[in-house]
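Reminder, nothing fancy here: chain letters follow the sequence lines and each chain counts from 1.
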There are 2 protein chains.
Amino acid sequence: MSDTNVNYRTCPIRQVISRFGDKWSLLVLYTLHMSDTGVLRFNELHHMMTDCSQKMLSATLKNLEQLHLIHREVYPVVPPRVEYSLTEMGKSLMPPVTSLIDWANQHFDDVVSNEVIV
Amino acid sequence: MSDTNVNYRTCPIRQVISRFGDKWSLLVLYTLHMSDTGVLRFNELHHMMTDCSQKMLSATLKNLEQLHLIHREVYPVVPPRVEYSLTEMGKSLMPPVTSLIDWANQHFDDVVSNEVIV
DNA sequence: CATAATTCCTACTTTTTGGTAACTATGATA
DNA sequence: TATCATAGTTACCAAAAAGTAGGAATTATG
């Protein structure tokens, strides 16, 4: 095992998963990443992620902003206009995430087909 | 947005996260991956992941076995001897996971230090 | 015969997560 | 004056995840 630390509190993979391994965070990041301009308004995101409630989308965005993975730009107009985009750090997360997605696309049929409970 | 599908049910990243984005799965896989021999017994894993309860470790291992990401080898001896190792598919998941870990090691100080609630 | 070792399982409880639906604020517009 | 649009918030509730503590099975050993 050499000196690798896989303790819950200090293991880096756990640090990642515990902070944006929730139901919606990566989906928000990925949606922004895949958008044409890289900038999306609240309702645009919401319409692209129809099964995410306003409440969860709002909470997820707030969390990601606190982690400095997305940037929130507010325009003082009525009705309000708020635009979200990836920060540089958010962008830097996309290659690892994309490699995970690639793996999923290659292997996940096997995984899912072997499941007892779907 | 072109034709990219970010719907919860069909998005690949969600398929990944929903199946082994839980509290312990990646930690188990990573622990096996980093072990000297690639094979660990139940109690060895448990001692390496002290803050994972027996119940959760057992449930996590069962889940990963059903997903064909780990192999479970039972030796008919008393007291029981059960050895866990990564399958080929499990091994194929490690490069993407490792790239995520590398990202975490490079960037996570920034992320954590910006958090309000730790 | 009591104990130990190993790998679990089960019942119970607590904590966390997520969903629904209604509400807020603002100013333009009909 | 009522309505609309946007970007949320809030209260309430249900479900899922996870923790705790104890039990079960087997056989060798003292």
Side-chain angles (χ1 to χ4, degrees), chain A residues 7-9 11 14-28 31-32 35 39-67 70-85 115-118, chain B residues 7-9 11 14 16-28 31-32 39-67 70-85 115-118:
Chain A
N7 179 273
Y8 173 85
R9 299 186 65 85
C11 165
R14 189 84 286 277
Q15 296 292 314
V16 175
I17 294 294
S18 70
R19 285 185 175 75
F20 44 87
D22 59 33
K23 196 167 180 180
W24 301 113
S25 289
L26 284 179
L27 202 48
V28 166
T31 303
L32 287 171
S35 72
V39 179
L40 290 174
R41 299 179 64 178
F42 184 89
N43 272 346
E44 290 175 325
L45 273 166
H46 191 218
H47 288 141
M48 288 167 166
M49 299 167 53
T50 47
D51 39 12
C52 178
S53 66
Q54 276 189 328
K55 170 194 162 183
M56 288 315 297
L57 181 55
S58 175
T60 303
L61 289 166
K62 190 183 286 186
N63 178 49
L64 292 174
E65 191 197 359
Q66 272 184 3
L67 296 173
I70 63 173
H71 171 70
R72 182 173 182 268
E73 185 79 33
V74 184
Y75 297 90
V77 295
V78 170
R81 174 181 193 87
V82 181
E83 290 181 346
Y84 294 94
S85 55
E115 273 182 303
V116 174
I117 301 164
V118 180
Chain B
N7 178 274
Y8 172 84
R9 298 185 65 85
C11 165
R14 190 85 287 275
V16 175
I17 294 295
S18 70
R19 284 184 176 76
F20 43 88
D22 59 34
K23 197 168 179 179
W24 301 113
S25 289
L26 284 180
L27 201 49
V28 165
T31 304
L32 286 171
V39 179
L40 289 173
R41 299 179 64 179
F42 183 88
N43 272 346
E44 289 175 326
L45 274 166
H46 191 220
H47 287 140
M48 287 166 165
M49 301 168 53
T50 47
D51 38 13
C52 178
S53 67
Q54 277 189 330
K55 170 193 165 184
M56 290 313 298
L57 181 55
S58 176
T60 302
L61 289 168
K62 189 185 286 185
N63 178 49
L64 293 175
E65 192 198 358
Q66 272 184 3
L67 295 174
I70 62 173
H71 172 69
R72 181 173 184 266
E73 184 80 33
V74 184
Y75 297 90
V77 294
V78 170
R81 174 182 192 89
V82 181
E83 289 182 346
Y84 295 93
S85 55
E115 273 182 302
V116 174
I117 301 165
V118 180

Quick one: bend of the helix from dC1(C)-dG30(D) to dA30(C)-dT1(D) from 5 pairs per end, to 10°? 40°
What does Tyr75(A) touch in the nucleic acid at a heavy-atom separation under 4.0 angstrom: a base, only the sugar-phosphate, or nothing? nothing
What is the distance from atom NZ of Lys23(B) to atom CG of Asp51(B), rounded to the nearest 0.5 Å? 8.0 Å
Figure out the CG/C1' separation between Leu40(B) and dT7(C), and round it to whole Å. 15 Å
Hey, is the side chain of Arg81(B) poking within less than 4.0 Å of OP1 or OP2 on dC8(C), counting only N and O atoms? no
Quick one: CG on Leu61(A) to CD1 on Ile70(A), what's the gap to the nearest 0.5 Å? 4.5 Å
Taking salt bridge (charged side-chain N to carboxylate O under 4.0 Å, His left out) as the test, write out the residues that go with Arg72(B), two or more places apart. none
According to side chain to side chain donor-acceptor pair (under 3.5 Å), who are the partners of Ser25(B), at least two apart in sequence or on a separate chain? Asp22(B)
May I ask you to verify if any side-chain N or O of Asn43(A) is less than 4.0 angstrom from the OP1 or OP2 atom of dA5(D)? no
To the side chain of Val78(B), which of dT6(C), dC9(C), dT27(D) is closest? dT27(D)
Of the candidates dT6(C), dT9(D), dG8(D), the side chain of Lys62(A) sits closest to dT9(D)
Can you pull every protein N or O that's under 3.5 Å from an N or O on nucleotides 19-24 of chain C?
residue, atom, partner, partner atom, Å
dG19(C), OP1, Lys23(A), NZ, 3.0
dG19(C), N7, Lys55(A), NZ, 2.9
dG19(C), O6, Lys55(A), NZ, 2.1

Rounded to whole angstroms, how far apart are OH on Tyr84(A) and P on dT6(D)? 14 Å
Heavy atoms from C-beta onward define the side chain here; which of dT9(D), dT6(C), dG18(C) lies closest to that of Asp22(A)? dG18(C)
Grab the NE2-P distance between His47(B) and dA5(C) for me, whole Å please. 11 Å
Non-neighbouring partners of Glu44(B) that pass salt bridge (charged side-chain N to carboxylate O under 4.0 Å, His left out), sequence neighbours left out: none
Beyond-backbone contact of Leu40(A) with Met48(A), side-chain heavy atoms, under 4.5 angstrom: yes
What's the CZ-C1' distance between Arg72(A) and dA7(D), to the nearest Å? 8 Å
Quick one: are Leu57(B) and Trp24(B) in side-chain contact, heavy atoms under 4.5 Å? no
Can you tell me if the side-chain N/O atoms of Arg41(B) get under 4.0 Å from OP1 or OP2 in dT6(C)? no
Can you name the side chain to side chain donor-acceptor pair (under 3.5 Å) partners of His71(B), sequence neighbours left out? Glu73(B)
